[in-house]
Amino acid sequence: MCRWLAYSGTPIMLDTILYKPVHSLIDQSLHAKMGVETTNGDGFGVGWYGPDSDSPAVVRDIGPAWSDRNLREIARHVVSPLFFGHIRASTGTAVQQTNCHPFRHGPWMWMHNGAIEGFHLIRRDLAMSVDPGLFADIEGSTDSEMMFYLALTFGLEDDPPGAVARMAGLVERTGRAHGVEYPLQMTVAVTDGVRLWAFRYSSQKRSRSLFYSTRVETLRSLHPDLGFLRGLSDETRLIVSEPLGDLPGAWNAVPEGAYGVVQPEGDRMADFAPLAV
């Protein structure tokens, strides 16, 4: 399994979130507390949106995040209002750059923690459901990228919650046809550079951990002595696999079988369930 974070809000230096918190994503690459594995050293990736580009920049590598000098250099110099960070622990597919998250297609960016159980058994069937016009863009061999391209096939650009639900429905139906009792385990983040969606779901109803940050104005009232909160807009949000620290009142668990969206017209959360294709 893996650990990830997604940030949306006031433009900040990447290292403010990736490195500086007590239990930062980089710390989690060695000392994860809530994941299946303590160490997540099978690669990493960061993706961010700049002011003058229609698509995100993505940097990925197969080494461990904790010792990568290029990642530290990038994090100290890049400022962004929306970025992803991911550290990987492979669930069976190869440790290679094309299998590292986040994945990108046009303006869209996607990352995943979890697994498709029995992926080696159902990979061909799933691949046959990908839009032929998209299939050539798949670079790696991981289940996470396959999920992304299935969601794109099922209308991610027009209806992200519906597309992810149809992807989940196909994975479950296909897995069970091959005798897999609990085919899907996922926490997913996906964005178009404006809105950010996060999903928490598993076939077994025992999903991996996922948290979102409390509203900034609430945190200011709880912790008036924390100066860094004064520099953040009220719309700033973090979604994380596990909390970046133990600040009281800062973190809230995403409910089982739910998704949330961070968007200019106001955040919202709703139930999530797979849909038949």
Side-chain angles (χ1 to χ4, degrees), residues 2 4 6 42-50 52-62 74 80 82-88 90-116 118-175 183-199 201 259 261 274-275 277:
C2 311
W4 60 255
D42 294 330
F44 66 86
V46 290
W48 68 91
Y49 292 84
D52 301 313
S53 177
D54 294 331
S55 65
V58 173
V59 173
R60 305 178 293 176
D61 210 343
I62 61 172
I74 289 167
S80 175
L82 200 168
F83 59 88
F84 282 3
H86 188 280
I87 49 177
R88 185 173 185 242
S90 172
T91 55
T93 50
V95 177
Q96 61 191 44
Q97 193 177 87
T98 53
N99 283 346
C100 294
H101 312 219
F103 302 99
R104 173 183 60 192
H105 186 272
W108 291 87
M109 194 160 56
W110 170 285
M111 61 184 174
H112 166 235
N113 173 39
I116 296 177
F119 182 57
H120 64 292
L121 297 174
I122 66 174
R123 179 181 172 186
R124 180 181 180 278
D125 288 357
L126 296 179
M128 294 294 287
S129 295
V130 174
D131 185 324
L134 294 169
F135 188 83
D137 293 331
I138 298 176
E139 296 184 313
S141 59
T142 184
D143 51 356
S144 303
E145 188 179 23
M146 184 72 72
M147 291 164 64
F148 181 31
Y149 277 85
L150 286 169
L152 286 164
T153 297
F154 295 140
L156 184 68
E157 295 177 342
D158 300 317
D159 176 18
V164 175
R166 287 184 283 273
M167 175 277 292
L170 176 68
V171 169
E172 289 197 326
R173 177 170 61 82
T174 307
L184 185 59
Q185 173 72 244
M186 72 174 203
T187 64
V188 163
V190 61
T191 180
D192 60 359
V194 178
R195 295 172 177 81
L196 165 64
W197 292 264
F199 300 82
Y201 175 78
Y259 79 91
V261 56
L275 291 175
V277 178

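Numbers for residues simply follow the sequence, beginning at 1.
- When all heavy atoms are compared, the tightest approach of G155 to A163 is C-CB, 3.6 Å.
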Checking side chain to side chain contact (heavy atoms under 4.5 Å, CB included) for the pair M186/V164: CA distance, chi angles, key distance, verdict? CA-CA 11 Å; M186 72 174 203; V164 175; 3.8 Å; yes
Show your working on side chain to side chain contact (heavy atoms under 4.5 Å, CB included) between V171 and D143 and close with a plain yes or no. CA-CA 10 Å; V171 169; D143 51 356; over 6 Å; no
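- The pair R166-D159 counts as a salt bridge, with a side-chain nitrogen and a carboxylate oxygen less than 4.0 angstrom apart.
- Note: Y49 OH to L82 CG = 6.5 Å, rounded to the nearest 0.5 Å.
- A pairwise comparison of heavy atoms in H101 and S144 identifies CE1-OG, 3.1 Å as the closest pair.
- Counting only heavy atoms from C-beta outward, the side chains of I74 and W48 approach each other to under 4.5 Å.
- For the atom pair CZ (R104) and CD (E139), the distance works out to 8.5 Å, reported to the nearest 0.5 Å.
- You'll find the side chain of P102 stays beyond 4.5 Å of the side chain of F148, heavy atoms only.
- The distance from atom CZ of R173 to atom CG of L184, rounded to the nearest 0.5 Å, is 14.0 Å.
- Closest approach of F84 to M109, counting heavy atoms only: CE2-O, 3.6 Å.
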Could you check F103 against R60 for side chain to side chain contact (heavy atoms under 4.5 Å, CB included), going step by step and ending with a plain yes or no? CA-CA 9 Å; F103 302 99; R60 305 178 293 176; 3.5 Å; yes
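- Residues meeting the ring-ring contact (aromatic ring centres under 6.0 Å, His included) test with Y201, sequence neighbours left out: F272.
- At a threshold of 4.5 Å between non-hydrogen side-chain atoms, the residues C100 and D61 do not count as touching.
- Between P107 and P56, the closest heavy-atom pair is O-CD, 3.9 Å.
- In this structure, the side chains of F119 and T91 stay at 4.5 Å or more apart for every pair of heavy atoms.
- Summarising the geometry, atom CG belonging to D42 is positioned 12.0 Å from atom CD belonging to Q96; distances are rounded to the nearest 0.5 Å.
- You'll find the side chain of V277 reaches within 4.5 Å of the side chain of F154, heavy atoms only.
- In terms of heavy-atom proximity, F199 sits nearest to V190 at CE1-CG1, 4.0 Å.
- Closest approach of W108 to P160, counting heavy atoms only: CH2-CG, 3.8 Å.
- The structure places CD of E145 at 11.5 Å from CH2 of W110, a figure rounded to the nearest 0.5 Å.
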Step by step, work out the side chain to side chain contact (heavy atoms under 4.5 Å, CB included) result for V188 and Y259. CA-CA 9 Å; V188 163; Y259 79 91; over 6 Å; no
Could you pull out every donor-acceptor pair under 3.5 Å between side chains of residues 127-137 and any protein atom, sequence neighbours left out?
{"from": "D131", "atom 1": "OD1", "to": "G133", "atom 2": "N", "distance (Å)": "2.7"}
{"from": "D137", "atom 1": "OD2", "to": "H105", "atom 2": "NE2", "distance (Å)": "3.3"}

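- To the nearest 0.5 Å, atom OG1 of residue T174 and atom CG of residue L121 are 12.0 Å apart.
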